Structures are given as C-alpha cells and as structure tokens.
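Proteins get letters first, then strands, A, B, ... in listed order; numbering begins at 1 in each. These numbers were taken from a predicted model, which means no experiment stands behind them.
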Amino acid sequence: MKDIFHDLLASRSIFKNKEVLRPSYVPDFLPHREKQINELASILAPALRGETPSNVFIYGKTGTGKTAVAKFIGKQLMEKGRQLKVNTNFVYINCEIVDTQYRVLQNVANHFIKAWEERIPFTGWPTDEVYSRLIHSIERTKGVAVIVLDEVDKLKGDEVLYNLSRMNYDLKDARTSIIGISNDLKFTEFLDPRVKSSLGEENLVFPPYSADELCDILGERAKMAFNEEVIEDNVIPLCAALAAQEHGDARRALDLLRVSAEIAERLGDKKVTEKHVRMAENKIELDRVTEIVRTLPIQSKIVLMAAIVGTEFYDSLTTGELYLIYKDLCRRAGINVLTQRRVADLISELDMLGIINARIISKGRYGRTREIDVSSSTKIKEVLEKDDTLPNLKDYKPKLQSKLL
DNA sequence: CATCCACAGGAAGGACGGGGGT
DNA sequence: ACCCCCGTCCTTCCTGTGGATG
C-alpha cells in the first residue's frame, strides 16, 4: 500500500497545470502571431470608435493559431470596450458543431438575450423571425458585436453567411463584424459572389509555424504546464521538429508534449525524455489509426482487410488483385460486392487517410495500376479482428493464382 | 516505334435518406 | 404532414495513359 501511494505522489510531480497544453486553452501570449494580431486588431478597432468594422476572412492550416488569435482578440476587445464604456460583445461559434442556418442564428441570438427573457428554442420558429429577433437584440446593445464563425466551411449552405455579413445594413445604433475562419483555402471560391465580397472585405493568412517558432510556443506553455526541471532539454526541440515535419501544426506539437509527459508520469519516471517523445509519437499515431479504422464504413473495412490480407502474402498488390481478394471476403461475410470502380475510389480514400499507400505505377505492356501496401498493418489488423461485423481472417489465404486464370 | 495491357479517373444518373421549407 | 432539395453512395459507361514488348 505504501508503495502505491508513494508512486502516485511521485508521479504528481511532473505536471503543474495540464490544462494549458490542451487545444482549447487560449494563452495570454501568442508568440509569432504579433503581425496577425495587430492586423486583426486594426481591422476591428474602428468599431470602438463608432464606425462600422469590416468583415474578415481568416485562413490557415490546422494548428496555426487561427482560433487562438480570434479568441485572444475577443478577450482584448471586451476589455477595451469596458475601458471606453462601449458595449462590446464577442460571440464564438464553431460551425462544425453548430452547422445549420437556424442553429447559428439561434445561438448568436441567445447570446444577446437577457437571462430573464424567453430564449429561442432549438426548433420551431421561422428562420426569419429568429433573424429579426437577433437584429433587435443587437440593436438594443447600441454597441459592437464581433461574431466568429470557426470552421465556416462546415456550414451547410451560404445563406446564413449572406444574412450575417449584411447585418450592418439592418442596424442603426449597433455595429457587427463577422470573422470567418477556415482551413480550406479554396472555400471562398464556391461561395455566392455577394457573400464572397462582403465576408472577404479583409483577408488574413496564417502561415504554418516553423520548427523554431514551435519551440518558442512549446517553451512558453511548458513553463506553465510543468514543474521545474522535469523536461529534458532536447524534448521540446524534438516535439517541435516532429510537428514541423507535418505542416507546422502547433496543436500536434502540444499533443506530443502532453502525451510524452503523461507517458513519463504513468511510467513513474521523474523526467520527460526523448524516449517518452518517441513513445508518444507512436501512441498518437496508433490512436489516430485506431479511431479512423473503427469508424470506417463496412465496405471500406473490407477493402482495408483485403489490402492487409493481400500484403501479408504478396509484398505488394495491384488494384485488380486486391479486388479479387475483396470479392472473396465479401462472399464469405455475406456482404454485397461493389464494382471495381467503386472499390478503386475506396482505395483512394484509404490512401488519403494515410492508412494505406497506393501509388500509380506502370507495368508497361502489363498495364497501368496502383501498387498498394499497408504501413502499420499489424496495428490495423488488431483493430479489425476485434470487429465482429467482419469475417474472421484467421487462417485465411488468398488464392490469387487460380482466380487469375 | 506502335501497340496494347490493366487499370485511372471523369461524367451522368439512380437509389436513398435526412433536413428545411411550406 | 408533406414535399422537395441536396448530399452520399454506388453503378454504368467511358476516355485516357506510361511504358515493356514485339
């Protein structure tokens, strides 16, 4: 018993505050985003002077600090508003979760509705009534409202964007600014031109972080997250370098650091070392693959299974060979067989998810096809074997030769 | 050098299901 | 309550093509 408590107490000594490493945490200091912060601030500043601010469109890949900067600005703006006695409101909406026109309007409107007033229900009201209620509530504040739509590309339909971005025309005493955030560069191309011009009055690009910049970010957070002297010197540069290889994703770097420390803690080690980072890298990858595989539709699972079974016996497969195995597996499992055209698309999807590799090769006279292999096949196989909707692949042997005749 | 394999991958359309508008 | 539109999944049909082989 004593030993158990001893271990637990010892392991407490790594983290001081784990929360600051979580993606949801918004730090007070954002290294290497000063330029973006200043630009965004100068775009929104007119609002505090009673002028109408522009709408902004922000884009950049995942983990480049888009959301953090937006939330940070929101906080600052609220503070400045209090100082200047201007009524400021900041609404943050993640469109991946709130993804329909009605729910966006409802969410924004409810933000402005006072506690004792009737809130707008989840469903039931005509959309235009929600809109006019929203306009009315904002008008009443006689102040500034900044509305952030994170992941705007996930929004179904662009009507909401149109309505929201032209709200200023319906307002007299209040002003709004819409900030749209997206990681899809081509997103605006598909928008209604009117929305495009009103939302994209200003554009901000967030470039990926370099390895050095990631180091600074991690260092800053590590000071808050960990106790003194628990992180070895090479750990942070390593996390930064690994994340920079991907696409300068700060979230990934922070995850690596956090998981490394968690592993160290669980192992009862007093310091986080390079070894833990390597283990963390592995664990994160395994978790990612597991999650992807687990949530794959049945047909994709069968295709993946065919790829694994096939590569176990032949070191690379062509689309045609994979398809033969796939058909056989389907018949055994009593699942309907898709056409080769469709299976080819499923193979592409699996390739894009990064759980198989499929590259186009030409075998000259013997055709052009994709060569397929599987990166971490044993991990994937484990996940697939636990799935009881699939045929059991123990002792299964593909018989290509006879089928190919 | 033309040929020709075994596909890649685009186009069009059918079936189906869910969500929003009326 | 109903319908319609849209997205997803899948099929059918099709044209395009890199490069070993004759």
Side-chain angles (χ1 to χ4, degrees), chain A residues 93-110 120-134 149 151-164 182 184 186-187 189-192 195 292-293 295-307 310-311 314-331 333-353 356-373 389-390 398 400-405:
Chain A
I93 289 185
N94 186 335
C95 301
E96 192 163 18
I97 299 154
V98 182
D99 62 351
T100 65
Q101 147 145 283
Y102 184 89
R103 272 184 297 225
V104 169
L105 291 177
Q106 181 221 349
N107 261 270
V108 179
N110 277 338
I120 297 171
F122 292 108
T123 179
W125 287 25
T127 311
D128 55 341
E129 192 164 337
V130 180
Y131 179 72
S132 54
R133 180 73 172 264
L134 169 62
L149 300 173
E151 320 258 337
V152 260
D153 46 313
K154 301 285 160 47
L155 217 50
K156 289 169 183 156
D158 48 15
E159 227 181 302
V160 218
L161 290 178
Y162 180 66
N163 285 330
L164 288 178
S182 166
D184 184 356
K186 287 174 289 183
F187 171 65
E189 285 174 26
F190 303 109
L191 284 177
D192 186 310
V195 179
I292 290 174
V293 172
T295 57
L296 236 34
I298 182 80
Q299 288 290 353
S300 297
K301 280 183 188 169
I302 308 266
V303 172
L304 180 57
M305 189 183 256
T311 47
Y314 311 90
D315 44 61
S316 71
L317 287 173
T318 67
T319 302
E321 289 161 353
L322 188 149
Y323 186 64
L324 290 175
I325 301 173
Y326 159 83
K327 271 199 291 192
D328 198 29
L329 287 172
C330 280
R331 276 195 289 268
I335 293 168
N336 58 323
V337 182
L338 301 181
T339 55
Q340 184 162 338
R341 180 67 187 84
R342 179 60 185 152
V343 170
D345 278 346
L346 295 180
I347 291 171
S348 300
E349 283 169 23
L350 292 174
D351 181 40
M352 297 226 271
L353 288 169
I356 69 173
N357 304 312
R359 60 199 161 273
I360 301 164
I361 55 158
S362 177
K363 295 197 288 186
R365 161 129 296 192
Y366 303 104
R368 219 162 78 98
T369 182
R370 265 130 121 198
E371 197 178 62
I372 298 151
D373 57 52
T389 59
L390 296 170
L400 288 186
Q401 302 312 322
S402 57
K403 295 273 169 95
L404 282 170
L405 287 179

Nearest whole Å is fine: how far is [N] [atom2] from [X] [atom1]?
{"X": "Glu371(A)", "N": "dA6(B)", "atom1": "CD", "atom2": "C1'", "answer": "14 Å"}
{"X": "Leu105(A)", "N": "dG20(B)", "atom1": "CG", "atom2": "C1'", "answer": "13 Å"}
{"X": "Gln299(A)", "N": "dT8(C)", "atom1": "CD", "atom2": "P", "answer": "18 Å"}
{"X": "Asp345(A)", "N": "dC10(C)", "atom1": "CG", "atom2": "C1'", "answer": "10 Å"}
{"X": "Leu322(A)", "N": "dC7(B)", "atom1": "CG", "atom2": "C1'", "answer": "13 Å"}
{"X": "Arg359(A)", "N": "dA8(B)", "atom1": "CZ", "atom2": "P", "answer": "14 Å"}
{"X": "Leu346(A)", "N": "dC9(C)", "atom1": "CG", "atom2": "P", "answer": "9 Å"}
{"X": "Arg342(A)", "N": "dG13(B)", "atom1": "CZ", "atom2": "C1'", "answer": "15 Å"}

Checklist entry - Has Thr339(A) got a side-chain N or O lying under 4.0 Å from the OP1 or OP2 atom of dT11(C)? => result yes
Item to check | Residue-phosphate contact under 4.0 Å: Thr319(A) side-chain N/O, dA8(B) OP1/OP2 | outcome: yes
With a 4.5 Å cut-off on side-chain heavy atoms, are [Y] and [X] touching?
{"X": "Val303(A)", "Y": "Ile356(A)", "result": "no"}
{"X": "Val337(A)", "Y": "Tyr323(A)", "result": "yes"}
{"X": "Arg359(A)", "Y": "Asp373(A)", "result": "yes"}

Item to check | Sugar-phosphate only, base, or nothing, as touched by Val343(A) at under 4.0 Å among non-hydrogen atoms | outcome: nothing
Item to check | Spacing of CZ belonging to Arg341(A) relative to CG belonging to Leu346(A), to within rounding of 0.5 Å | outcome: 10.0 Å
Checklist entry - How many angstroms lie between atom NZ of Lys363(A) and atom OG1 of Thr318(A), to the nearest 0.5 angstrom? => result 5.5 Å
Checklist entry - What are the two closest heavy atoms between Ile302(A) and Cys330(A), and how far apart are they? => result CG2-SG, 4.0 Å
Checklist entry - Are the side chain of Gln299(A) and the backbone N or O of Asn336(A) linked by a donor-acceptor pair below 3.5 Å? => result yes
Checklist outcome for this item: Out of dC7(B), dC10(C), dG9(B), minimum distance to the side chain of Ile360(A) belongs to dG9(B)
Checklist entry - Once each nucleotide of nucleotides 14-22 of chain C is scored for protein heavy atoms under 4.0 Å, what B/S/- sequence comes out, 5' to 3'? => result ---BBBBS-
